[in-house]
Amino acid sequence: MTGLKNLYIDGRWSGSVAGLPPRQVLNPADGSVLATVCVASADDVDLAVRSARTGFDNGQWSGMPVRERGNKLREIAQILADNRVNLSHIESLDAGKTLKEAGMDVDDAVSAFRYFANIADLDAGRMVDAGDPNIISRIGYLPVGVCALISAWNFPLQTLTWKLAPALAAGNTVVIKPSEVTPLSTLKLLELLEQADLPAGTVNLVLGPGAQVGTALVQHPGIDLISFTGGSEAGQKVMEAAAKGIKKVTLELGGKNPNIIFADTDFHTAVDNALTAAFVHSGQVCSAGSRLIVQDQIYDRFVRELARRADSIRLGHGQDPETECGPLATAEHRENVERHITQAIADGARLVAGGVRPGEEHLQSGNFLRPTVFADCDRSMAIVREEVFGPVVTVERFSTEEEAVFLANDTEYGLAGAVWSNDASQVHRVAEQLRHGTVWINDYHPYLPQAEWGGFGKSGLGRENGLQGLNEYRETRHIYQNIAPAPSRWFQD
Ligand code: NDP
């Protein structure tokens, strides 16, 4: 035992039973140590799953009337809202986000709890007309069971609560595993959840690297459903584990998201939003508009203005109100993004902004990288095809509407995309043809808890948010009752 108690199992904080060496959580803006946390062993994962199983089977949460569960979720939403400043500060320090970005993530978390508190109750089931007055037929929903919730480091609180709120609303119990890179807002969330007094075993938390702790969790036979947000490689392993155990699985994976700009759109609005699309949270956003597809007539001017604006983005610590972009999550991740940049240059992409680490003295100990713009890109280049997950945007050129649609759909991903034009029929036609889970018209990035979120193709399986986001966590049961039973006379007496 290390003395650290950062696992939450059966309603109590505990340490790792194996006493594995603890892990330091680093501030990506300056490399300082923010916290030291314990790492779970396979035995701890087992304890957490058993706790969730007991919590599920005893019915204290799963058997609670939906309305009461909804009230608990509303209570949680209020607790999170009351702690917005504290939670945003933690998220900003740990994930390197600006306070503004982190505050929006807390707001998203609050909205998710409020939304799922309401719809679980409203959508409690339905009667089915069997065509016979003696038959009562109804559809109802049951929780799936014990869910493993695995979240990513870019939006630690938001990606977790988009899973936790519907899972709890549907009556499941859960074991959470946040990314080892950014566990601090999840730890705070668990601390705050204690105020809502959920039954022991409803929410459990294990910490540690995905390769060990995540693997132990998804392979555990006591898990009924896995909800995963992360990269394709880990997503594939999660799906393999799910297949072995015939577990339900939802995967929210990466994207290479097209942002189509027609020449007739308001130029400065489009450039401004192209920057937001690509560089919010330093591009570490699954739905980042990392592929700009710009029409011929404005292409050169657009590239010039985009590069000028990108060059003037202010980098810094997330807690500094002047900061517009924070650092990348880890030193290894920055090196990975730099490898993509080197390859893009070798492939012939024209670097027009960034591509380097910033020169300022006070940024030297953080994982900063200048917002980077590549012009004259085409589909043969890895930088156009592969998810970089950093502050890098590519610009491709198109002339006709058909060409724009073709380029936008020419990706193995299909998470999100956008189209900008003042021609109402044109944007409608284009949006209808885009094979992406979310399509924005003359906007980029807004999410709604009421609207399904998820991807086509290699961007994943299933949806979060909206009614489908709740249904992922429910089993559907049909009860058919004959109120006038009589011998069927199928077989002779
Ligand atoms: P990873 O795939 O590396 O990790 C995601 C989570 O899975 C982390 O908690 C990680 O733990 C864990 N993990 C890693 N390997 C395994 C495994 N074999 N079994 C079980 N769990 C595992 O992704 P990143 O954290 O790097 O996140 C970035 C990716 O997430 C990007 O591709 C991004 O597009 C995607 N994403 C998708 C979203 C969507 O809504 N579609 C939203 C946000 C991000 P640990 O980090 O501790 O090793």
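Note that the structure is predicted; figures quoted are calculated from it, not measured. Numbering of residues begins at 1 and proceeds along the displayed sequence. Whatever order the structure lists them in is the order used to number ligands and atoms, beginning at 1.
Comparing Gly455, Ala416, Cys286 against atom 36 (N) of ligand 1, the shortest heavy-atom distance belongs to Cys286. Counting only non-hydrogen atoms, the option in Thr215, Thr159, Val388 that gets closest to atom 19 (N) of ligand 1 is Thr215. Closest to atom 10 (C) of ligand 1 by heavy atom, among Glu180, Lys177, Glu233, is Lys177. Heavy-atom proximity to atom 35 (C) of ligand 1, evaluated over Ala288, Ser287, Gly230, Ala152, is greatest for Gly230.
Residue, atom and distance of the protein heavy atom nearest to atom 44 (C) of ligand 1 are Asn154 ND2, 3.4 Å. Given atom 5 (C) of ligand 1, the protein heavy atom at minimum distance is Thr229 O, 3.3 Å.
Contacts of Glu387 with ligand 1, taken as heavy-atom pairs under 4.0 Å, involve the side chain alone. If you look at Ser151 next to ligand 1, the close heavy atoms, those under 4.0 Å, all belong to the backbone. Under 4.0 Å from ligand 1, not a single heavy atom of Phe155 appears.
Using cut-offs of 30° and 60° on the angle between ring planes, the pair Trp440 and Tyr447 is perpendicular.
Residue contact check for ligand 1: Phe228 places a non-hydrogen atom closer than 4.0 Å to it. By the 4.0 Å heavy-atom criterion, Ala329 is excluded from the residues contacting ligand 1.
The N/O atoms of Leu253, backbone and side chain alike, include one that comes under 3.5 Å of an N/O atom in ligand 1. An N or O contact shorter than 3.5 Å links Trp153 to ligand 1 by distance. In terms of polar-atom proximity, defined here as any N/O pair under 3.5 Å, Val218 makes no such contact with ligand 1.
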